[in-house]
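Some notes on the structure that comes next.
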Number of protein chains: 2
Amino acid sequence: MKFSHKLSDAVHILAFVYVYADGDLSSNAIAASIEANPSMVRRMMSTLVKAGLLNSQPGKVALHLAKAPEDISLLDVYLAIEDNRNLLHVDEKTNPLCIVGGNIQGTLNGIYAQVQNAAEAKMAQVSLREIIDDILTRQAQK
Amino acid sequence: MKFSHKLSDAVHILAFVYVYADGDLSSNAIAASIEANPSMVRRMMSTLVKAGLLNSQPGKVALHLAKAPEDISLLDVYLAIEDNRNLLHVDEKTNPLCIVGGNIQGTLNGIYAQVQNAAEAKMAQVSLREIIDDILTRQAQK
DNA sequence: CCAACTTGTAACTATATTAATAACTTGTTG
DNA sequence: CAACAAGTTATTAATATAGTTACAAGTTGG
């Protein structure tokens, strides 16, 4: 498959909604910033709304964050958008009759879960506020 | 794309070489345990040899670990095998004229690097020895 | 009320990355 | 030298993703 950049696009949407709160927040405008398809943006918006990170109204341009940006972590977005998908993946087709093939899936699942926890703990430490601040700092330095 | 399980297969090869040190270590035998293609196994073997984790001899079945299993970390295998090392990926096609689109790539690259570091630090803590021990423990408990 | 917009879905297509396959060269061994 | 092994390269198949198209349903201003 292609590498997923859904997480990046979801953060993009949330940051956009906050930075351009008084501007055009239609799916078309957001899609132009992401350089993605408006339909894809709407799909993602819908997911973020269901996850309780974003509020919207059908038929109206009325997008705003459901929480303050300091109360939305990168992990919140990750869990909302990536459908709890794992960063590492075991090979689920190994020979059960072999000592290694018959046990390595359980072993690696445990280890991968630890790696996943470490990554998620780091994501939990990053708030949307920090991301937006960094974006604005970078813009100011241009 | 499909989800990659190269890391799992590479660990599988190394564990197999250690556990079945006195058995059949041909690419065909290993492929049967992974339930993968012998050619794929040989390619992976080749990569592991080049990374200094495995020793082999062309034309001969003479596979053995290049280091003691306690001196090979999961991170070593990860860095050897995964050519695209990043777990998270920025969307590289965003509108540079937008405040968000023009800066978010740099912002997220920095954050994703932190997440990557956290994940790799955890991988560095896991040795092949622990993985093999866990496999053998699971086998003994069957 | 209706034309022109919007969000929200669903189905389909295109693309990218991977694993699998096949074929070949080179090296080893009995 | 026959049989088999590692090592390599090229091609194909599989699959998760983004992109596209289409349309239903809600909103709004004239």
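Protein chains get the first letters and strands the later ones, always in sequence-line order, with residue 1 at the start of each.
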### Message
Please confirm whether the shortest side-chain N or O distance from A:S46 to OP1 or OP2 of C:dT9 is below 4.0 Å.
### Response
yes

#### Entry: All side chain to side chain contact (heavy atoms under 4.5 Å, CB included) counterparts of A:A36, not counting sequence neighbours
A:I34, A:M40

### Task
Could you note down all residue pairs passing side-chain hydrogen bond (donor to acceptor under 3.5 Å, both in side chains) where residues 98-107 of chain B supplies at least one of them, sequence neighbours left out?
A:D134-B:T107, A:R138-B:T107, A:Q139-B:N103, A:K142-B:N103, B:T94-B:Q105

### Integer-rounded Å distance: C:dT18 C1' and B:M40 CE
10 Å

### Donor-acceptor under 3.5 Å (A:S8 side chain, B:H89 main chain)
yes

### Query
What's the CD-P distance between B:E92 and D:dG19, to the nearest Å?
13 Å

### Query
Is it true that a side-chain atom of A:N95 and a backbone atom of A:L97 form a donor plus acceptor pair closer than 3.5 Å?
yes

### Query
In residues 7-15 of chain B, which ones come under 4.0 Å of DNA chain D, going by heavy atoms?
none

### Query
Taking only residues two or more places apart in sequence or in another chain, which ones pass ring pair (Phe, Tyr, Trp, His ring centres under 6.0 Å) with A:Y18?
none

### Nearest-Å distance for atom pair CG/P, residues B:L25 and D:dG7
13 Å

### Message
Could you tell me if the side chain of B:K60 sits less than 4.5 Å from the side chain of B:S26, heavy atoms only?
### Response
no

### Message
Listing request: all salt bridge (charged side-chain N to carboxylate O under 4.0 Å, His left out) pairs with a residue in residues 3-20 of chain B, at least two apart in sequence or in separate chains.
### Response
B:K6-B:D83

### Task
Determine whether B:I132 and B:L14 make a side-chain contact, defined as any pair of heavy atoms from C-beta on separated by less than 4.5 Å.
no

### Query
Tell me, which of residues 27-39 of chain B have any heavy atom that sits under 4.0 Å from an atom in DNA chain C?
B:A36, B:N37, B:S39

Sub-3.5 Å pairs of nitrogen or oxygen atoms, protein against nucleotides 26-30 of chain C:
from   : atom 1 : to    : atom 2 : distance (Å)
C:dG27 : N2     : B:G59 : O      : 3.4
C:dT29 : OP1    : B:K60 : NZ     : 3.0

### Task
Nearest whole angstrom, please: distance from the P of C:dC5 to the CG of A:D24.
13 Å

### Task
Sequence neighbours left out, what passes side-chain hydrogen bond (donor to acceptor under 3.5 Å, both in side chains) with A:S39? Give chain and number order.
none

### Query
Hey, does the side chain of B:K67 reach the backbone of B:L53 with a donor-acceptor pair shorter than 3.5 angstrom?
no

### Query
Out of D:dT17, D:dG7, C:dA19, which has the shortest distance to the side chain of B:M45?
D:dG7

## Note on the structure
What residues 47-56 of chain B contributes to the DNA chain D interface at heavy-atom separation below 4.0 Å is B:K50, B:S56

### Task
Write down the distance between CG (A:D91) and C1' (C:dA19), rounded to a whole number of angstrom.
10 Å

### Query
Atom CG in B:L7, atom CG in B:L79: separation rounded to 0.5 Å?
10.0 Å

### Query
Looking at the side chain of A:K93, which of C:dA20, C:dA19, C:dT7 is the nearest nucleotide?
C:dA20

### Query
Which pairs pass ring pair (Phe, Tyr, Trp, His ring centres under 6.0 Å) with one or both residues in residues 19-65 of chain A, sequence neighbours excluded?
A:F16-A:Y20

### Message
Can you list everything that forms a side chain to side chain contact (heavy atoms under 4.5 Å, CB included) with A:E130? Sequence neighbours excluded, please.
### Response
A:S127

### Query
What residues, two or more places apart in sequence or in another chain, satisfy salt bridge (Lys or Arg N to Asp or Glu O under 4.0 Å) together with A:R129?
A:E70

### Summary
Per atom distances to the B:R43 side chain, the nearest of D:dT20, D:dA5, C:dT21 is C:dT21

### Query
Between C:dT6, D:dT8, C:dA19, which nucleotide has the shortest distance from any of its atoms to the side chain of B:R42?
D:dT8

